[in-house]
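We name chains A, B, ... by the order of the sequence lines, and we start the count at 1 in each one.
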Amino acid sequence: MPRMLILDGNSLANRAFYALPPLTTADGRPTNVLHGFLTMLFKLEQEQHPDYWVVAFDKTKATVRIEQYAGYKAQRKETPEGLRPQFDYLKEILAEMDVPLLELAGYEADDLIAAITKQAEAQGMEIQIYTGDKDALQLISPRTNIFLTKKGISEIERYDETALWERYQLRPHQIIDLKGLMGDTSDNIPGVPGIGEKTALKLLWEFETVENVLTNVEKVSGKKVQSNLKEYADQAILSKKLATMLTEVPLTFSSEDFIYRRPQASKVLPVLQKYDLRNVTRLWHERHNDEGLLSENSEAVLETWPERAMSEEDWLLQIAEWKSQKKPLTLACRYKGTGLQGGQWLEWGVANQGETFTLDREEASEKVCQAWLGLMGSDEIPKTLADSKTVALLLANEGVKLKGLALDLSLASYLIQSSRPKFAPLDLVKEYFPSQDVFANIAEEAAALAQVAPKFEEDISTLGLTSLLHEIEEPLSLVLAQMERHGIAIDSETLKAFGDGISLTLKQLEQDIYALAEETFNINSPKQLGTILFEKLSLPTAKKTKTGYSTDAETLEELRTAHPVVAKILDYRQLNKLMSTYVNGLLAQAKEGRIHTTFQQTVTTTGRLSSTEPNLQNIPIRLEQGRQLRKVFHPTEPGWVLLSADYSQIELRILAHYSQDPLLCESFALRQDVHTRTAAEVFGISLEEVTSDMRRSAKAVNFGLVYGLTEFGLSRDLGIPRKESKFYIEQYFKRYSGVKRYLEDVVTQAKIDGQVRTLLNRLRRIPELLHSNRVQRQFGERIAMNTPVQGTAADIMKLAMLKVAEGLKPFQATMLLQVHDELLLQVAPEDLENVARMLKEQMENAYPLTVPMTVECKVGPNWYEMQPFHSI
DNA sequence: AAGCTCACG
DNA sequence: ACGTACGTGAGCTTT
């Protein structure tokens, strides 16, 4: 079916104008709408592959509707100054892109859209309408879908009849009735006073149309509503009329007028340059690069793979055949609950060589289920999945260990483009089959995954990510599944008691603060707090945020001596954080004495893991009061101990390895305290002469290096003048010129490649390097400096986790948590010595660098009382 | 849903 | 003259 894209130029331009910051050309002409609109258009072009497209614009002044109702759109503000000229720029660019434009004196874009839609439907096209205007929902039909901009313009929500029903329980033709009753302030459609969306919907669910509501007005519940309906009956009818999009326009067009022609670089690039549209230009290039680099085929359409109906006997035979012939299977799974908590599989979709199957838990016999689970636990059947960690957890709930994982498509997609937000099956398929909209059933989902799999494999291979995927990320997902499933033991009683103590102090602090402020207010509200501190108490203001006064800890620390309430607030903040996030947060998550976090493996841009629900990677440690919390984490088995292993200075060691800077390398080779050594070099003194203050400064410099050092950042971190931080940085780079050269080189190369890589070849694209905004570009430079370092640390830790998981097998010990450069295990006391030795050995040698890696082990009865442990 | 604040590496 | 250290997730308030 040919596909037509219709864009509401005015509506989308307005959205873009308000959603985006005020960008301009070098000579000051506004361009934010151009950015927003064109970005969207390019994306649509790439994802939807239109056969026809058109952008409709209002041709204002005397519209037909003004004759009907003088108030119509009277409310509407004048087009803002920054927006008006952009319509002309936009039309100029669209013309160069060969995008058909449509406008007609006296008519709004709305009406043109309605008219085109009607004709296109008659010609049997599929129609997609893009707008921010909900009125368009009235045009929904089996052939026509509406795509509404959600927040800003970057997110789009698709509406068909089903989606509309789910959202409002209305049919498309009732949208005008809805507007008739509730009105629309932005279009100044009056509606009926006192009737908003909720009441209007209720009325329409009962009476279907405005006319029917009015006929049956006596049956309407609610006195006020009823009397308003009577009084404003005419206005309701008129409002409905105003909301109706006109399909009769004095214009005939043929589909020829709207044919999609591929935009020509020779015409488009110059006009993009004319308006300084560097981002859009970059997008243009990216699109063409991507097409060259990746095996995307815009014409690709999924094949329909037939589903075979299966009796119990068929299933048993089929499973036996797969097993004996070691057939590779692609699997999709529907389940209830989460993979982790009481999750149960409901349906499996299976795809194999052009055929698909559905295994339904309700229908399948016990025998078939057992045979199937046998297949899942078999190393000999290669499996392609979209989310192996969840599947592994679901199978573990059935007592089966997932084996034979051949390809995890979510992980593959993450490695190809780590910044891509979603990795659900549909998103994965859409990456190569952009026109795929929904899966009819689980079998079709499996078939789609099976067809997308070779494309992922190909791109993974092209990008040099094969071993990172198959040898690290995929096996790691199964290790993470085990860790999540095991969980970590927590003592809820102690935690509650801890919370009770905090509560008491918190109440007292609250009273003290109210007394000192001489009024009660919400201390948790930065806005109210700001008013009290900076207006009522007239404390000196230092920093401001977008929305008002800044009241963060750094600001308040400055004011500590200015008023006694400030210290109380700082205490309150600290305790309140402990109470809400940690005491209450963790208590809510504890089940049967354990906490099971979820490790996210496809979230960070650098390759690190993250931890959610709850986040166990940010349990307090820096301040003693919060650190106490760690007492509640303990081993699950009586008598066992917790064992932790920390990489020491892993990121600086990686920097040393990358840069081969002689001083930095030597420092590690000699196993010196690296911060003391840095201080000695920067201040030009001997190691013995370094004071603790000098060491502290040097430590901050070392930290900063990894982040992409700036004078500003260092001065803020150390609380020193910019001049001083500048001096430190200069001194540092004089002594450590190898580091300087490396950091310069990595940025230069990143600008050439548009990406950086870690030691294990993990890739991060850095589009920020091409941004027109200098701040953004510098951000890109810091990313280029930081990602290889942070990412390599993540690579090495992941590799170490695999080796440790393997090494733990002979022992009574479990891996519990990973906190970026630390692993936490629980161990039976008789195995402690051996496990600690293995742990240190495997971590230190996971991926040898040119400088030694060191790992510090600690042991204790809980996560608070950890003492250094040196194996013999 | 966005902004602020703050916990961790 | 600007606005900045890198990477996360959660709770709370305000819009």
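Between the side chains of A:Gln628 and A:Lys631, at least one donor N or O sits under 3.5 Å from an acceptor N or O. Residues A:Thr606 and A:Gln790 bring a donor and an acceptor atom of their side chains to less than 3.5 Å of each other. In the model, A:Thr787 has no side-chain atom that pairs as donor or acceptor with a side-chain atom of A:Arg757 under 3.5 Å. Under the 3.5 Å distance criterion, with hydrogens and angles disregarded, a donor-acceptor pair is assigned to the side chains of A:Thr792 and A:Tyr658. Side-chain contact, A:Thr555 with A:Ser550: a donor N or O sits under 3.5 Å from an acceptor N or O. Looking at A:Asp795 and A:Thr758, their side chains do bring a donor and an acceptor atom within 3.5 Å of each other. Of the N and O atoms on the side chains of A:Glu473 and A:Gln601, at least one donor lies less than 3.5 Å from an acceptor on the other residue.
If you measure from atom CG of A:Leu586 to atom P of B:dC8, you get 13 Å, rounded to the nearest angstrom. One can place CD of A:Glu822 at 15 Å from C1' of B:dA7, the figure rounded to the nearest angstrom. In this structure, A:Gln600 places its CD atom 20 Å from P of B:dG9, rounding to the nearest Å. In this structure, A:Arg573 places its CZ atom 10 Å from P of B:dA7, rounding to the nearest Å. Per the geometry, CD1 belonging to A:Ile569 stands 13 Å off P belonging to B:dT5, to the nearest Å. Atom OH of A:Tyr582 is separated from atom P of B:dC8 by 6 Å (rounded to the nearest Å).
Residue whose closest nucleotide on DNA chain C sits further toward the 5' end, between A:Lys577 and A:Lys527: A:Lys577.
Side-chain atoms of A:Ser725 come within 3.5 Å of backbone atoms of A:Arg722 as a donor-acceptor pair (strictly under, hydrogens ignored).
Spacing of C1' atoms, C:dC2 relative to B:dC6, comes out at 27 Å, to the nearest Å. Comparing the P positions of C:dG3 and B:dG3 gives a spacing of 16 Å, expressed to the nearest Å.
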task: Might you work through the side chain to side chain donor-acceptor pair (under 3.5 Å) test for A:Gln818 and A:Gln617, ending with a clear yes or no?
output: CA-CA 7 Å; A:Gln818 185 250 46; A:Gln617 290 181 322; 3.1 Å; yes
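Heavy-atom contacts of chain A under 4.0 Å fall on DNA chain C between two terminal nucleotides, which in 5' to 3' order are C:dC2 to C:dT15.
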For DNA chain C, the expected dot-bracket line (Watson-Crick or G-U under 3.5 Å, [ ] crossing, | inter-strand) is .....|||||||||.
